[in-house]
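Worksheet for the structure shown next.
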Amino acid sequence: MNMETVLLLRQEISILIIALLLLIFEIFAGDRQKEGVVSLTIILFALHTGIGFLDMKEGLLFGGMFRTNALIHLFKNILNIGVLIVLLQSAEWVKRELVPQHRGSEFFILLLSSLLGLQFLISSGDFLMFYLGLELSTLPLAALSAFEMYRRRSSEAGIKLILSSALASGITLFGISLMYASTGTIYFAEMGTLISENNLTVMALILFFAGLGFKISLVPFHFWTADVYEGAPIGVASYLSVISKGAAVFILMIFFFTVLKPLIHLWENLFYLLAVLTMFLGNLFALRQQNMKRFLAFSSIAQAGFILLGLITGTTLGVATVIYFVLIYIFSNLAAFGVVQAISTETGKENMRDYEGLYRTNPKLSLVMMLGLFSLAGIPPVAGFFGKFFLFTAAASKGYYFLVFLAVVNVTISLYYYLLVVRAMFLRKSDHPIPHFTNALYMRIGLVITVVGILALGLYSPIYDYIYALSNTLN
Amino acid sequence: MIEGISIYELLTVSTILFFIGVYGFITRKNLISVLISVELILNGAAVNFVVINKYLYPEVLQGMIFSIFIIAVAAAETALAISIIINLYRKISSVEVKEVETMKN
């Protein structure tokens, strides 16, 4: 192994270095300098995100356990951007809540370990790396969910996340062991050629799907989502809803489109059923939520259902549309979560009713929120519309007209509850609106990036062309 | 390999372990018991890997290595879960699922 091949691990190494630097900082910084950890992390991570855009060779490491190519590299960059926004948005909260308790750097170290796990997960070339990446990304997240030790709900969220994730990964492991039984290998590349259809593989496929379904919060495995989002700190909830979900979608896509490609007529039906269930259940439950975090949780479940529409195709077009949709989803959801985070950090209010009359006192925040929600709902000028439109096109190109019809019905339902929030902010008057406040610098940068992302992705088409060109390299 | 015992008996044992775990996870009322059930599921999978490796594909040790990793990760998982449970216990002096749950749909 020479220097050239080690450089394939560049992204992971640089995240690890940032985490180690933060540990060293924690040891040597005096009590007064502890607050510097926020700026240090953000600057280092922005640097890491920038360097990530440099070209990367394709290749295999550790005998095929770890692999990387242009598409995987692109997705790592997308994750980096998402995490950078999450860091910017939680900066103020960390400064106020965690730094006085001397736990600021722990928060960042755990968040970065989880990102490290996700990067290994999407680069995995065999099941061992897959499993380790999955666990490395989930365990720090459970610790982060329970991070506000003095709030009971936070602990509740943590215990719910760790127990249900342990169950899901246990079921996945059992599925992997059955796949190992039927093919005799745990490497993706060999498994793709050896796998054939029999009862054992069918059972293995369904069990294996549980773990990833849990991460994406598809319907039979969605029970943890709303409770964890509500109880966990908002920064962690937004990380869970975009970054960890996006990475799981990506590895699911790679795995099903390459290794399980011969069994496509089996998992097509599975995806069809889950897409319908997930969309309807997510949307119908979102209708009756009053807490903004729960509301966004159910909305993110519904969005996962839409993503399945692109996954069901198994074609290059499907790959491109799913990645494009996930990219847009990251920006739009983080815009919404960012506003919730800003208001919650400032006033501690999280209910939809508290948002009434927000436009009069904080017009900029309400505009960002409106843009994010419009993009999630898929209203034309913003990016979300194109994301959904392309997904539906991909599904329709394979002849799933009825599924597309159901999806359109769901878009209409979702429009209703997204507009409820917009109505509360713009049209309703309130005797006690949230008073005007100015956001901290990092929060403002975080929100501006999301707004630019939402607008640019919709209007600037070369981004989609670039993703489409890369999607051909999936195999 | 064990004399006189075929792969079927061993796989039956591991499958039973797995389903006892799933059943326990759903029905138990105590967080510690739920945690134990999860361990049963993981152990079922680990036994599966070892048995399949030994009986079907004895040339390469992929399954054995995998089971070692499962045991290590399961230990980390348990440690984290226990620490969260202890933190919860300090607040509500109970580890019953019923009393832990405050958030509902």
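Letters A, B, ... mirror the listed sequences (proteins, then strands); counts begin at 1. Note that these values count all heavy atoms, side chains included, but never hydrogens, waters or copies made by symmetry.
Each of B:E39, B:E77, B:R90, B:E59 has some count of heavy-atom pairs under 4.5 Å with chain A, and the biggest count is that of B:E77. When A:S169, A:G170, A:A166, A:S165 are compared by the number of non-hydrogen pairs under 4.5 Å with chain B, A:A166 comes out ahead. Between chain A and the residues B:L80, B:I65, B:T78, B:L35, the most heavy-atom pairs under 4.5 angstrom are made by B:L80. Among the candidates A:L132, A:I171, A:N291, A:I162, the residue making the largest number of heavy-atom pairs closer than 4.5 Å to chain B is A:I162.
Residue A:F127 touches chain B through both its backbone and its side chain, counting heavy-atom pairs closer than 4.5 Å. With a threshold of 4.5 angstrom between heavy atoms, A:T185 approaches chain B through its backbone and through its side chain. Using a 4.5 Å cut-off between heavy atoms, A:E156 touches chain B through backbone and side chain atoms alike. With a threshold of 4.5 angstrom between heavy atoms, B:N43 does not approach chain A through any atom at all. Contacts between A:L136 and chain B at a heavy-atom distance below 4.5 Å are absent for every atom of the residue. For a residue to count as touching a neighbouring chain, one of its non-hydrogen atoms must lie under 4.5 Å from one of that chain's; by this rule A:T172 does not touch chain B. A:L161 does not touch chain B: none of its heavy atoms, backbone or side chain, sits under 4.5 Å away.
Between atom CG of residue A:L173 and atom CG of residue B:L42 there is a gap of 6.0 Å, rounded to the nearest 0.5 Å. Atom CG in A:L178 sits 7.5 Å away from atom OG1 in B:T15 (nearest 0.5 Å). Of the inter-residue distances, the one linking A:R152 atom CZ with B:N87 atom CG reads 12.0 Å to the nearest 0.5 angstrom. Here CZ of A:F174 is found 6.5 Å from CZ of B:F19. Values are rounded to the nearest 0.5 Å. With values rounded to the nearest 0.5 angstrom, B:I52 atom CD1 is found 5.0 Å from A:S177 atom OG. Separating the CD1 atom in A:I159 from the CD1 atom in B:I85 is a distance of 4.0 Å, to the nearest 0.5 Å.
Within 6.0 Å of the CG atom in A:N199, the count of heavy atoms belonging to other residues, nucleotides or ligands does not exceed 12.
Chain B is approached within less than 4.5 Å, heavy atom to heavy atom, by no residue from residues 113-122 of chain A. Chain A is approached within less than 4.5 Å, heavy atom to heavy atom, by no residue from residues 5-13 of chain B.
Checking side-chain atoms of B:K91 against main-chain N and O of A:M149 turns up a donor-acceptor pair under 3.5 Å.
Classification of the A:Y180-B:Y57 ring pair by plane angle, with boundaries at 30° and 60°, yields tilted.
For the residue pair B:F25 and A:L167, the shortest heavy atom distance occurs at CE2-CD2, 3.4 Å. The nearest pair of heavy atoms linking B:L88 to A:S155 is CD1-CB, 3.2 Å.
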